[in-house]
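Any value given below was found using the heavy atoms of this structure, including those in side chains, with hydrogens, waters and symmetry copies removed.
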Amino acid sequence: MSTVETFDLPIRGMTCTSCAGRVERALGQVPGVQQSSVNLASEQARITAPRERLDELLAAVEQAGYSVPLQSLELNLGGMTCASCAGRIERALSGVPGVRRASVNLASERAHIEMLEGTPGAALIAAVEDAGYSASLLDATPRQDPQAALRRERLAVLLALLLAAPLVVPMLAEWAGLHWMLPAWVQFLLATPVQFVLGARFYRAAWKAVRAGSGNMDLLVALGTSAGYGLSLYLWATAGQHEPHLYFEASSVIIALVLLGKYLESRAKRQTSAAIRALEALRPERATRLADGREEEVAIAALRLDDRVVVRPGERFPVDGEVLEGHSQADEALISGESLPVPKAPGDRVTGGAINGEGRLLVRTTALGGETVLARIIRLVEDAQAAKAPIQKLVDRVSALFVPAVLLIALATLGGWLLAGAGLEQALINAVAVLVIACPCALGLATPAAIMAGTGVAARHGILIKDAEALELTHRVSVVAFDKTGTLTSGQPRIVHLAAQDIDESELLRLAGALQQGSEHPLAHAVLDAARERSIELPSVTASQALAGRGIQGEVQNRELALGNQRLFDELRLASPLQELASAWEAEGRTLSWLIERGAAPRVLGLLAFGDSLKEGAAEAIAALREGGIECHLISGDNAGSATAVGQALGIERVHAQVLPADKASHVAALKSDGATVAMVGDGINDAPALAAADVGIAMGGGTDVAMHAAAITLMRGDPRLVPAALQISRRTWRKIQQNLFWAFVYNAVGIPLAAAGLLNPMVAGAAMALSSLSVVSNALLLNTWTPRDT
């Protein structure tokens with residue numbers, strides 16, 4: 001049943017009493033709202049309604065033309081042991097007034113809360129603590145040193161194993177035919193510290209769960225081992241003169257093995273967040289600032305925008321910036337996944353965290369703190385790892401019922417064996433085995449462990465996956481639509497065809513290049529680049545003059561030359577055998593330039609055709625997608641000739657040309673209407689509507705591109721081969737999730753009936769439970785071996 005509450009809703013955008021009235025009417029139309037009043041002065045609405053209506057209330061305010069400010073908060077959590085714990089904390093946080101939704105990640109031990117602006121963080125922490133766990137604001141207090149926590153866990157495990165080992169030796173000796181047993185009082189002295197000192201964590205967590213009205217793995221372990229320990233005390237007290245068979249060893253070994261499993265699980269979980277730690281380690285703590293001609297070493301926090309920073313060879317760039325002086329290379333492998341050093345010269349951008357090469361650089365600061373590329377990458381990866389995949393909702397529902405169901409099965413096992421005529425001892429031992437083998441941890445870790453490992457390894461290779469939902473959608477992609485310019489092509493014109501008349505091609509490039517010297521026109525750069533590639537020395541040009549709308553002319557080695565377009569060709573009333581070739585190239589969408597020798601009788605010396613060059617790796621990317629059964633489309637705003645030429649060169653048969661940016665989204669929607677799961681690949685800015693319309697938007701970023709947040713997946717470098725790589729890591733991660741969930745369900749589906757049937761010793765059950773969580777995390781960690789070359 002929904003609980004009706006009275007709470008305040010902040011409203012933004014109201015300017016007069018009519019605005020307040022409009023908002024009040026909109027809120028009153030939401031089903032379940034019993035009362036609503038809007039205060040214009042405080043910009044708040046007081047509402048009495050069920051909490052479940054919060055999303056509808058926000059939508060009503062937005063439809064009325066106003067907004068409700070929201071904010072996000074992250075909490076560090078402590079004390080969680082299984083999926084039931086995560087679910088309990090989520091329910092506690094969701095019950096705090098102002099919280100829209102809360103998501104708890106068991107693997108990263110963090111909570112992500114979306115709430116109304118002004119919701120106090122103290123109320124959230126109090127809710128978590130009331131539920132029996134610890135919490136702190138992510139940025140307010142330093143997180144516990146994970147190495148120190150692991151050392152404490154390791155010490156507890158070693159002590160438990162040392163105390164439990166003497167209890168196990170007689171049992172092992174019995175298997176070898178030797179009948180020997182430690183005195184009962186020795187067993188008691190060894191087992192008691194394991195049960196109540198080293199095992200105290202299970203009792204504390206179990207008590208918190210019971211106090212909160214729910215159950216968890218610790219409750220199962222505490223009940224099971226306490227039953228074995230208590231049965232041993234009972235048998236000892238009623239034994240009389242003979243030495244009874246006690247079960248102290250079972251309880252001690254179960255606790256020791258569970259502690260061992262939790263230690264190994266913690267160590268493995270730490271590896272799933274290795275990507276975040278590697279990125280955070282890239283942040284230098286100090287920088288060398290150049291001020292008034294003097295170099296001074298300062299803390300990063302002391303830097304300001306436009307400060308000039310000196311970066312020596314081998315140092316990490318402390319900030320995002322622009323190179324003012326010097327030449328070097330930058331190793332950006334951990335930031336963008338680019339394995340080769342990137343040349344840096346004055347005017348080039350550099351990214352904080354990259355490693356400078358052999359040159360000294362002077363850099364002007366352009367971004368600091370949370371606005372740097374590295375900070376945004378870390379934030380994006382953290383958000384993706386904290387997000388909950390849609391499939392996790394099913395797991396959460398199962399986990400919420402898991403512990404109560406296991407308790408009922410254990411009681412049924414106890415009663416069933418007693419009714420079948422077995423003694424109390426046998427019935428209780430079988431019930432203990434049921435309690436011990438049941439493990440909701442594997443279920444809770446199956447999805448987040450795989451997501452953390454998958455998004456982490458993808459980030460190391462320059463593929464930023466925005467959230468878990470994108471990861472889940474991407475593995476189903478069957479159609480990929482590409483933008484052309486800047487995505488499959490470089491966006492920079494180059495000479496794609498040459499035809500000389502009465503001279504050779506080298507002479508054609510030599511004369512054309514001479515005319516273009518000093519020009520900043522993109523076509524001039526293409527001519528000069530082509531001449532440089534062929535190592536052609538260019539003569540000087542004199543009397544250079546631009547011909548408005550037609551080209552350029554000048555004198556080269558006493559020859560009056562012009563390089564111009566079709567308009568100049570027509571004005572001079574020229575004729576050439578190359579005209580048929582020019583028509584064919586123009587049909588391909590190429591830009592033409594005629595080299596003409598002027599004078600009393602002007603004549604054509606040659607023809608140059610310019611076009612956009614394919615990006616390196618574009619053909620390989622399309623081939624990889626087609627091999628994987630992915631249908632490829634090209635959606636371009638360019639003319640049909642140019643788009644078709646690129647499509648033919650890459651093997652893309654479905655080409656849509658002359659499509660306006662606003663119409664690209666409708667083309668994507670049409671592809672989706674056929675039932676396909678569509679990914680759109682673009683530059684993240686001009687293609688924003690199409691990226692949003694696709695099931696999965698993939699932005700081709702350049703490391704400093706603000707498009708990082710424009711799509712579900714951002715490729716940190718403009719390599720088309722990262723597109724099939726992104727689909728590949730998504731599929732592999734999804735397979736790991738399926739494998740983990742399958743084994744977690746199968747483990748419990750097989751283990752619990754075996755334990756209930758009396759076919760499992762409680763110690764074996766304890767070992768199996770401990771190893772189940774470890775196997776799930778270890779399986780997820782196999783994703784760390786993936787590289788884009790695996791595609």
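- Proximity of Met115 to Leu70: side-chain heavy atoms (C-beta onward) are nowhere separated by under 4.5 Å.
- The aromatic rings of His667 and His656 stand perpendicular to each other, their planes meeting at an angle above 60°, with 30° marking the opposite boundary.
- Scanning all heavy atoms of the two residues, the minimum distance from Gly462 to Leu722 falls at O-CD1, 4.1 Å.
- With contacts defined as side-chain heavy-atom distances shorter than 4.5 Å, the pair Asn779/Trp743 does not qualify.
- A donor-acceptor pair under 3.5 Å links the side-chain atoms of Thr225 to the main chain of Val221, judged by distance alone.
- In this structure, CD on Gln29 lies 11.5 Å from CD on Glu24, to the nearest 0.5 angstrom.
- The minimum heavy-atom distance linking Ala780 with Ala453 is given by the pair O-CB, 3.4 Å.
- For Arg476 and Asp695, the salt-bridge test fails: no basic side-chain N is under 4.0 Å from an acidic carboxylate O.
- If you check the side chains of Tyr747 and Ser775, you find no donor sitting under 3.5 Å from an acceptor.
- Using a 4.5 Å heavy-atom cutoff, the side chains of Leu464 and Met716 are in contact.
- Between the CG atom in Leu54 and the CZ atom in Phe7 there is a gap of 5.5 Å [rounded to 0.5 Å].
- Of all heavy-atom pairs spanning Thr733 and Ala450, the tightest one is CG2-O, 3.4 Å.
- No donor-acceptor pair closer than 3.5 Å links the side chain of Glu43 to the backbone N or O of Pro10.
- Side chain of Lys672 to main chain of Ala693: a donor-acceptor pair is present (N/O by atom type, distance under 3.5 Å, no hydrogens or angles).
- Residues Arg46 and Thr6 are in side-chain contact: their nearest non-hydrogen atoms beyond the backbone lie under 4.5 Å apart.
- Under the side-chain contact (heavy atoms from CB on, under 4.5 Å) test applied with Cys19, the options Thr15, Thr17, Val23 reduce to a single match, Thr15.
- Atom CD1 of Ile125 sits about 10.0 Å away from atom CG of Leu93, to the nearest 0.5 Å.
- Of all heavy-atom pairs between Ile113 and Ala102, the closest is CG1-CB, 4.3 Å.
- No donor-acceptor distance shorter than 3.5 angstrom exists from the side chain of Ser730 to the backbone of Ala726, with no hydrogens or angles considered.
- Residues Thr677 and Ser478 have side chains that never bring a donor and an acceptor to within less than 3.5 angstrom of each other.
- Considering CD1 of Ile465 and OG1 of Thr714, their distance stands at 10.5 Å, rounded to 0.5 Å.
- Side-chain contact between Glu129 and Ser134 is absent, with no heavy atoms from C-beta onward closer than 4.5 Å.
- Across every non-hydrogen atom of Gln71 and Thr119, the tightest pair is OE1-N, 4.1 Å.
- Heavy-atom neighbours of Gln35 CD from other residues, nucleotides or ligands within 6.0 Å: at or below the threshold of 12.
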message: I'd like to know whether Lys736 forms a side chain to side chain contact (heavy atoms under 4.5 Å, CB included) with Leu783, so could you lay out the CA-CA distance, the side-chain angles of the two residues, the decisive distance to 0.1 Å, and finally the verdict.
response: CA-CA 8 Å; Lys736 288 299 179 189; Leu783 287 168; 3.7 Å; yes
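- In this structure, Arg12 pairs ionically with Glu117, as a charged nitrogen and a carboxylate oxygen lie closer than 4.0 Å.
- Ser67 and Val61 make their closest contact through N-CG1, 3.9 Å (heavy atoms, listed as atom of the first residue, atom of the second, distance).
- Between the side chain of Ser666 and the main chain of Asp663, a donor-acceptor pair closer than 3.5 Å is present.
- Atom CG of residue Leu57 and atom CD1 of residue Ile47 lie 5.0 Å apart, to the nearest 0.5 angstrom.
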query: Does the side chain to side chain contact (heavy atoms under 4.5 Å, CB included) test come out yes or no for Met680 and Asp483, once each step is laid out?
result: CA-CA 8 Å; Met680 175 69 196; Asp483 174 49; 4.2 Å; yes
- request: Show your reasoning for whether side chain to side chain contact (heavy atoms under 4.5 Å, CB included) applies to Asn76 and Arg110.
  value: CA-CA 5 Å; Asn76 286 324; Arg110 287 184 179 179; 3.8 Å; yes
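- Side-chain N or O atoms of Asp674 include none that pairs as donor or acceptor with a backbone N or O of Ala676 at under 3.5 Å.
- With a 4.5 Å cut-off on side-chain heavy atoms, Thr474 and Ile713 count as touching.
- Atom CD1 of residue Ile635 and atom NE2 of residue His633 lie 7.5 Å apart, to the nearest 0.5 angstrom.
- Under the 4.5 Å side-chain criterion, counting only non-hydrogen atoms from C-beta, Leu58 is in contact with Leu116.
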message: Please determine whether side chain to side chain contact (heavy atoms under 4.5 Å, CB included) holds for the pair Val681 and Val480, giving the CA-CA distance in whole Å, both sets of side-chain angles, and the decisive distance to 0.1 Å.
response: CA-CA 7 Å; Val681 187; Val480 176; 3.7 Å; yes
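- The shortest distance between side-chain heavy atoms of Gln738 and Phe742 does not fall below 4.5 Å.
- Arg101 pairs in a side-chain hydrogen bond (donor to acceptor under 3.5 Å, both in side chains) with only one of the listed residues (Glu90, His112, Glu114), which is Glu114.
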